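The structure appears right after this line, and notes come after that.
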Amino acid sequence: MLSKAIIPVAGLGTRVLPASKAIPKEMLPVVDKPVIQHVVEEAVAAGFTEIILVTRSGKQAIEDHFDSHYELETELQRKGKIDLLTSVQTTLPTGAKIISVRQPQALGLGHAVLCAAEVIGDQDFAVLLPDMLIRNAGMRDLQAMVKAYEESQAGQIMVQAVPEDQVERYGIVDCAGATVDAGAHSPIQAMVEKPKVAEAPSNLAIVGRYILPARILELLKTTQPGAGGEIQLTDALEQLLQEEPLHAFNMRGELYDCGNKSGWLQANLVYGLSHPETSTDLQHIIRQMVC
């Protein structure tokens, strides 16, 4: 049974400076919820109940967000603002718990995952990058990915087809030329980190959702620093491929990279247009701008 999900939140957020100078980038709002809350809700909806934050100093606001706030809740209760009271009492979905571990140095995603090893133990687990926000209609991609894992007993890596001229920005998977339909999964032959366009084996980019066997933690312990002098999760995954299968799961939803300004603005626009409190005003503003 999958129950544990790692969310690495120790990054500096340099792509959204100066907004992230004093506020964790994960706390930037998409409409009325910080990005990190959207991601936690996604994990819990897929059945994960232990959310492991790999964090650092200066990120206390994230933990506070998922904690109770006695003074605020008491005041909202006194004023009869029950809807608002409910919204602050349910930032962490029922049945889930937050566990925090520290990443003492910024040594890469692989190192961040390894920092949670004692909490993970010998269980398979998920990794969700907090920058990546996925908007789904119907069954969520992460839920479908869990189902694919249960059926295949193979680790799953979520991917999305990207324009060929953008492959240099991502880790790219090689599925031996197989066509991977949206919502389907296929065995991975190899992975390449940010290949040149001419050398890319496909246009299927890794997008920040993984379901991995506990074995990856043992491999990360001996993984040497790679690109950028950091311990790369992709390098350990390439080692794992020599021992057991990994599958690429092709997502169906809409992906927004909230770790950069453009992606964050796009997410606010799309989510704002579907939010009952903001949709009408936002549509009016857009009509005024395009007329």
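Residue numbers run from 1 in the order of the sequence given. Since we're looking at a predicted model, the values are computed, not measured.
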Margin query: Regarding Lys194 and Glu168, does a basic nitrogen lie under 4.0 Å from an acidic carboxylate oxygen?
Written below: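 Salt bridge between Lys194 and Glu168, a charged N being under 4.0 Å from a carboxylate O: no.
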Checklist line | Ion pair check, Arg140 and Glu42, cut-off under 4.0 Å | finding: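 The answer is no: the pair does not qualify as a salt bridge.
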[Y] and [X], any side-chain heavy atoms less than 4.5 Å apart:
X: Val207; Y: Val159; answer: no
X: Gln103; Y: Thr55; answer: no
X: Leu53; Y: Ile99; answer: no
X: Arg56; Y: Leu12; answer: yes
X: Val44; Y: Thr49; answer: no
X: Arg209; Y: Val127; answer: no
X: Leu133; Y: Tyr271; answer: yes
X: Leu237; Y: Ile157; answer: yes

What distance do [X] atom [atom1] and [Y] atom [atom2] have between them, rounded to the nearest 0.5 Å?
X: Asp181; Y: Asn250; atom1: CG; atom2: CG; answer: 8.0 Å
X: Met158; Y: Gln160; atom1: CE; atom2: CD; answer: 10.0 Å
X: Met132; Y: Cys258; atom1: CE; atom2: SG; answer: 9.0 Å
X: Asp83; Y: Glu277; atom1: CG; atom2: CD; answer: 8.5 Å
X: His275; Y: Asp32; atom1: NE2; atom2: CG; answer: 3.5 Å
X: Ile51; Y: Ser100; atom1: CD1; atom2: OG; answer: 11.5 Å

Note to self: Would Val16 and Leu28 count as a side chain to side chain contact (heavy atoms under 4.5 Å, CB included) here? Give the steps.
What the structure shows: CA-CA 10 Å; Val16 291; Leu28 294 177; 4.0 Å; yes
Can you see which heavy atom on [X] is nearest to which on [Y], and at what distance?
X: Val30; Y: Ala267; result: CG1-O, 3.9 Å
X: Ala176; Y: Gln189; result: CB-CG, 3.5 Å
X: Gln153; Y: Glu150; result: NE2-O, 3.2 Å
X: Leu282; Y: Gly272; result: CD2-C, 3.6 Å
X: Leu212; Y: Ile216; result: CB-CG2, 4.2 Å
X: Ser202; Y: Val173; result: OG-O, 2.5 Å

Item checked: side-chain hydrogen bond (donor to acceptor under 3.5 Å, both in side chains) between Gln156 and Ser152, worked out -> CA-CA 9 Å; Gln156 302 285 322; Ser152 67; 3.1 Å; yes
Tell me if the [atom1] atom of [X] is crowded by more than 12 foreign heavy atoms within 6.0 Å.
X: Ile23; atom1: CD1; result: no
X: Glu164; atom1: CD; result: no
X: Glu118; atom1: CD; result: no

Margin query: Working note: Glu254 + Tyr256, criterion side-chain hydrogen bond (donor to acceptor under 3.5 Å, both in side chains); need CA distance, chi angles, decisive distance, verdict.
Written below: CA-CA 7 Å; Glu254 302 165 0; Tyr256 301 95; 2.8 Å; yes
Note to self: The test is salt bridge (charged side-chain N to carboxylate O under 4.0 Å, His left out); show your working for Arg15 and Asp257 and say whether it passes.
What the structure shows: CA-CA 11 Å; Arg15 292 186 296 163; Asp257 182 356; 3.2 Å; yes
Next item on the list: Report the C-alpha separation of Gln37 and His65 in whole Å, then their side-chain angles, then the decisive distance to 0.1 Å, and conclude whether the side-chain hydrogen bond (donor to acceptor under 3.5 Å, both in side chains) test is met.
Entry: CA-CA 9 Å; Gln37 184 175 338; His65 179 73; 2.8 Å; yes
Item checked: Chi angles and distances behind the side chain to side chain contact (heavy atoms under 4.5 Å, CB included) call for Ile206, Met191 -> CA-CA 9 Å; Ile206 299 171; Met191 286 170 282; 4.1 Å; yes
Quick check against the 3.5 Å criterion: does [X] have a side-chain atom that pairs as donor or acceptor with the backbone of [Y]?
X: Asp124; Y: Ala214; value: yes
X: Ser279; Y: Pro276; value: no
X: Asp131; Y: Asn260; value: no
X: Lys4; Y: Val119; value: yes
X: Lys25; Y: Leu17; value: no

Can you get from [X] to [Y] by hopping between Ile, Leu, Val, Met, Phe, Trp and Tyr side chains that sit under 4.5 Å apart?
X: Val270; Y: Ile286; answer: no
X: Leu2; Y: Val39; answer: yes
X: Val192; Y: Leu204; answer: no
X: Val54; Y: Ile231; answer: yes
X: Leu219; Y: Leu217; answer: yes

Next item on the list: Please report the C-alpha distance between Leu273 and Leu269 in whole Å, then the side-chain angles of each, then the deciding distance to 0.1 Å, and finally whether the side chain to side chain contact (heavy atoms under 4.5 Å, CB included) criterion is met.
Entry: CA-CA 6 Å; Leu273 285 170; Leu269 180 61; 4.2 Å; yes
Margin query: Over 60° means perpendicular and under 30° means parallel, so tell me whether His185 and Phe249 are parallel, tilted or perpendicular.
Written below: parallel
Next item on the list: Start with the C-alpha distance between Tyr210 and Leu233, add both sets of side-chain angles, then the distance that settles side chain to side chain contact (heavy atoms under 4.5 Å, CB included), and finish with yes or no.
Entry: CA-CA 10 Å; Tyr210 309 78; Leu233 179 60; 3.9 Å; yes
Next item on the list: Run the numbers on Lys221 and Glu218 for salt bridge (charged side-chain N to carboxylate O under 4.0 Å, His left out), then give the verdict.
Entry: CA-CA 5 Å; Lys221 290 177 182 179; Glu218 292 300 315; 3.2 Å; yes
Next item on the list: For Glu75 and Arg78, run salt bridge (charged side-chain N to carboxylate O under 4.0 Å, His left out): C-alpha distance rounded to whole Å, both residues' side-chain angles, the deciding distance at 0.1 Å, then the answer.
Entry: CA-CA 5 Å; Glu75 187 66 10; Arg78 185 182 70 81; 2.6 Å; yes
Check: Could you walk me through whether Glu238 and Thr234 pass the side-chain hydrogen bond (donor to acceptor under 3.5 Å, both in side chains) check?
Finding: CA-CA 6 Å; Glu238 288 176 340; Thr234 302; over 6 Å; no
